[in-house]
Each structure stands twice: as structure tokens, then as C-alpha cells.
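Read the structure below first, then the notes.
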Amino acid sequence: MIQEKTNTDSQTATNKNVPVIEIKDLYKSFGKNEVLKGINLSVNKGENLVILGRSGSGKSITIKCLVGLVVADKGEIKVFDTDITKIDTNELNEIRIRIGFLFQNAALYDSMSVRENLGFTLKRHVKGLSPKELELEIREVLENVGLADAIDKMPSELSGGMRKRIGLARTLILKPEIVLYDEPTTGLDTITSREISELLLDIQKKNKTTSIIITHDMACAKHTSDRLMILKDGVIHAEGSYEELEKSDDEWVRSFFS
Amino acid sequence: MIIYLKNIFNDVGKVTLFTTQFFREVFTPPYEIKEFIKQCYIIGYKSLPLVTITGFIMGLVLTLQSRPTLAKFGAESWLPGMVALSLIREIAPVITALICAGKISSGIGAELGSMKVTEQIDAMEVAAINPYKYLVVTRILATTIMVPLLVIFADGIGMYGGYIGLNMHSDVTLFRYTSQVLESITFLDIFPATIKTFFFGFFIGMIGCYKGYMAANGTESVGKAANSAVVTASLTIFIIDMIAVQLTDLFF
């Protein structure tokens with residue numbers, strides 16, 4: 001059963017003056033197609049921000065700009081107080097290690113087993129790990145996502161839900177402070193979607209991570225969000241809690257909740 | 001027309017940057033030794049059966065086809081030397097490189113293309129791992145080293161095929177055949193032909209990686225990347241061969 005959002009308000013209140021992500025006037029175009037037309041947002045430490053919007057509204061591009069996968073045309077992107085648009089690749093990589101990114105289709109490395117998928121990142125960033133310690137770390141993170149038995153499986157042997165969980169395990173293996181989720185429940189059945197939403201909340205509580213969740217799944221948004229933002233035509237159209245936006249005067253905003 | 005020219009210059013620029021990045025990354029640590037060895041195994045060892053069969057057939061067919069003409073002039077004894085020279089100088093390098101373009105370049109193009117489409121390359125990048133170094137540098141290095149080895153192997157197998165072909169109509173011992181081959185070839189036959197195979201290998205890897213790495217989003221682009229890698233690599237092999245032959249002619 002889905003865990004109801006417990007009282008994270010007190011924790012959020014304590015940290016509400018500590019933004020770990022700040023985006024100011026972010027613009028991005030692909031040819032003549034202007035995708036982002038001045039996005040402004042900030043996410044506080046320990047907060048779960050859900051971004052909603054129609055397909056092609058620029059949600060995924062926004063979080064890809066945050067990790068430098070897409071280079072913004074204009075604007076400021078501050079992560080941990082560093083403007084990532086003004087740093088070199090080495091500095092950017094130091095920040096990337098502190099950010100986890102769960103891709104829409106999990107993006108598991110097809111040629112590697114689950115163990116190798118998880119160990120691949122860990123071996124490169126945590127020096128001096130013995131094979132035994134590496135194995136323990138991998139097993140621990142797999143147990144956290146409830147898939148310890150899948151350690152020797154290849155990605156092609158996994159179901160959609162399992163791939164998402166393993167993708168999540170790989171994202172969490174470096175214990176990131178920020179986790180960005182790109183449609184974590186897309187393509188999954190209702191029960192698996194609920195399980196994944198529950199897992200996201202568990203992880204957020206356990207690791208005290210700050211999260212941005214891009215989703216179309218309103219059940220996921222309801223259960224995981226501290227705050228919601230709705231993107232329309234490349235700008236933030238509405239912002240507030242789930243309950244506030246559900247009762248919005250704007251019919252277009254309400255249509256997301258119907 | 002202007003757009004067409006613009007696209008050509010755009011592509012040339014991208015290829016140049018892609019190739020420059022290889023030379024920048026290849027000498028700087030960390031070195032992906034394990035992945036490099038794995039690629040050498042896949043590219044070199046797994047291509048052996050194909051290269052063995054084609055190499056053997058090349059030698060056999062060349063001997064059988066050349067024998068009647070040489071026999072007319074009573075020059076059958078030149079057959080081992082002629083076959084060896086043809087194989088070492090031209091046929092084995094070009095045919096082996098073309099086979100590698102078909103097998104390896106398309107394989108790399110499809111593999112990297114599908115990794116790009118399924119965001120696996122992006123996943124490496126956000127995990128602060130240099131995907132170019134892990135995927136591209138290792139593959140280009142492996143093809144640059146393995147293709148010349150495969151060509152040398154094809155030379156040997158081709159000459160053995162020639163020996164079998166020769167023995168279909170006459171009776172020559174392997175020792176006599178080998179000594180006739182060795183008498184007819186010099187260092188200058190082997191050296192330029194071997195040097196050009198390093199370029200074949202480099203471009204087979206580089207074109208496969210470039211086409212795969214630059215694949216657009218969508219599964220259709222994976223097929224296009226593989227197909228385009230084979231066509232471009234094959235054409236490049238002929239162009240390099242032509243330049244190599246001209247240079248050899250000029251200097252030796």
C-alpha cells in the first residue's frame with residue numbers, strides 16, 4: 001500500500017532557506033523551436049519538487065540542463081551554489097557525482113550484467129574498494145530497491161519495473177544529494193507505478209535527498225510531491241502544493257487533476 | 001545547393017573535431033585497459049573465422065585463375081611468387097579491410113547508435129564517466145591494432161590457399177612453395193602494405209564510432225548509422241589505398 005506523505009513539512013521548513021538548485025531565466029532553443037523561454041525555479045534542501053506539463057513542454061530539457069547534458073542558450077543554473085554554465089568539464093563532473101539521474105527507460109548498459117551496471121560507476125569514483133567491499137555495496141543498494149536476487153541478470157532479462165528499480169539502484173549507488181527522476185513511472189502498470197512511487201519516498205526519507213520528479217502520473221505526483229510546478233509553452237505556468245493546484249481557478253491547470 | 005554545401009562543411013567540421021578529440025583523449029589517464037582488451041578480443045579474435053575463410057579462398061582462387069595464363073608462357077614456376085606479391089601488396093589488405101568494414105564498422109555503428117538512442121551514453125556522462133574515452137578511444141585503438149594483425153594472418157592463410165591451389169594441378173612440397181614465396185618478396189613489398197593497414201584499421205574504427213555516436217534519436221537512426229558506417233568505411237578504404245599506392249610509387 002502506498003505510504004501517505006508523512007509530515008516532512010517540519011524538515012522542509014528547517015531547510016527552506018537553503019536552496020540547492022536555483023535556475024534563473026533559462027532559455028533553450030533547438031533551431032527555430034524555442035523550448036524553454038525563461039524558466040525560474042529553486043528547490044530547497046530535502047524538498048521533492050514535481051514538474052508537470054504536456055509532452056514537449058520542456059520538462060526533460062530543464063533537468064538535462066541541470067546536469068549539463070543539454071547546454072542552455074542563456075540563463076543561470078546554480079547547483080550547490082555553483083553556476084554550472086560557467087565551469088569546465090572536470091568541475092562539472094565533481095558536481096555530477098553528487099547528482100543522481102534516473103532516465104525514462106532506466107538506460108541500463110545492455111552489455112553488462114546488473115552487478116557490472118552498478119559496479120561500473122562505483123569502481124570509477126570510489127577508489128581503493130576491495131572486490132569484497134564492492135560486492136557488499138552493490139548488494140546493499142540492490143536490497144534497498146528489493147532486487148537482491150537480480151544481481152547476475154542481464155538487462156534484457158528484466159521487466160520494465162525491474163529495470164526502473166535497477167536504474168534507481170545505479171542512480172543511488174554513489175549516495176547522491178540530489179536525485180532527478182525523468183518520468184519514473186511511465187510505461188508501468190498501476191501497481192508497479194505505486195511501488196516505484198513508494199520507493200522514491202522511502203529513498204528521500206532514508207537518504208534525505210533533494211528531488212525533482214518529472215511525471216505525467218498524477219498518483220505519483222500526489223504521493224511524492226512537496227511542491228508542484230506546471231510548465232506551459234516553455235515557462236512555469238503554475239506553482240503550489242498538490243491541494244492548491246487541484247483547486248486552482250485556472251481551468252487548464254485543473255485539467256491535469258481531472 | 002547552399003544548404004547541401006553547408007551540410008558538407010558541417011560534417012567535415014564534426015568529423016575533424018571527433019578525430020581531434022581521439023588524439024587528445026588517447027594519451028590522458030584514466031586508461032580503459034580492460035575495455036580495450038575486451039574490444040581487441042571482439043574485433044580481432046571473433047573476426048578470425050571470417051578472415052580465415054576469405055583469406056584461404058583469395059589465395060586458392062588467385063592461384064587457380066592465374067595458372068592457365070602463366071602456363072601458356074611456361075612460367076608456372078612464377079606462380080607462388082606472383083600470388084604472394086598480389087596478396088601481400090594489395091588483395092589481402094584491401095579485402096580484409098573491406099570485410100572488417102562490413103563486420104566491425106557496422107557493428108560499432110549499430111552498438112553505439114543504440115546506446116545513444118537508449119540514453120546509455122547520456123547515463124555515462126551524468127555519472128561523470130567520459131563516454132568518449134570508454135567507448136570510442138578503446139574501439140578505435142582496438143581496430144587500429146587488430147586490423148593489421150588480421151591482414152598479416154590473411155596473408156599467411158591466403159598463401160596456404162595458394163599452395164593448395166597449386167597442388168591441384170602439380171606436385172609441389174610446402175617447403176619448396178614457401179622458399180619460392182620468400183625468394184620473391186622483399187621488405188619493400190611488406191612495409192608499405194603493412195603501414196596502410198594501420199590507417200585502414202583507424203578509419204574503420206573511427207567511422208563506425210562517429211556514425212554511432214552521432215546517431216539522432218529514434219530507432220531508425222541505428223540502422224542508418226550501421227549502414228552509413230559500412231558505406232563510408234568501404235569508400236574510405238579505397239581512397240586510402242589509392243593514396244598509399246601513389247605514395248609508395250613516389251618514394252620506393
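Please read these numbers as outputs of a predicted model, since none were measured by experiment. Sequence lines set the chain letters: A, B, ... in the order given, protein chains first and strands last, and positions in each chain run from 1.
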Is the [atom1] atom of [X] crowded by more than 12 outside heavy atoms at less than 6.0 Å?
{"X": "B/Ile3", "atom1": "CD1", "value": "no"}
{"X": "B/Phe199", "atom1": "CZ", "value": "no"}
{"X": "B/Tyr31", "atom1": "OH", "value": "yes"}
{"X": "A/Tyr27", "atom1": "OH", "value": "yes"}
{"X": "A/Glu133", "atom1": "CD", "value": "yes"}
{"X": "A/Phe30", "atom1": "CZ", "value": "yes"}
{"X": "B/Lys46", "atom1": "NZ", "value": "no"}
{"X": "B/Lys224", "atom1": "NZ", "value": "no"}

Interchain contact, B/Glu35 with chain A, by part (heavy-atom threshold 4.5 Å): neither

Worked verdict on B/Met124 versus A/Phe120 for side-chain contact (heavy atoms from CB on, under 4.5 Å): CA-CA 9 Å; B/Met124 276 187 198; A/Phe120 184 70; 4.0 Å; yes

Ionic contact status for B/Glu125 with A/Lys64, cut-off 4.0 Å: no

For [X] against [Y], the heavy-atom pair lying closest together:
{"X": "A/Ala107", "Y": "B/Thr118", "answer": "CB-O, 3.5 Å"}
{"X": "B/Ala127", "Y": "A/Thr121", "answer": "CB-CG2, 3.8 Å"}
{"X": "B/Ala128", "Y": "A/His125", "answer": "O-CE1, 3.3 Å"}

Atom group of A/Leu180 that falls short of 4.5 Å from chain B, counting heavy atoms: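 When you check distances to chain B, no heavy atom of A/Leu180 falls under 4.5 Å.
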
From CG (A/Asn93) to CG (B/Asn130), nearest 0.5 Å: 8.0 Å

Atom pair CG/CD1 of A/Leu69 and B/Ile121 - distance to nearest 0.5 Å: 11.5 Å

4.5 Å side-chain heavy-atom contact, B/Gln120 and A/Asp110: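 Touching, per the 4.5 Å side-chain cut-off.
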
Pairwise side-chain contact, B/Val126 with A/Ile99, heavy-atom cut-off 4.5 Å (strictly under): no

B/Glu119 side chain vs A/Phe103 backbone, donor-acceptor pair below 3.5 Å: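 No, the answer is negative, given that no donor and acceptor are paired below the 3.5 Å cut-off.
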
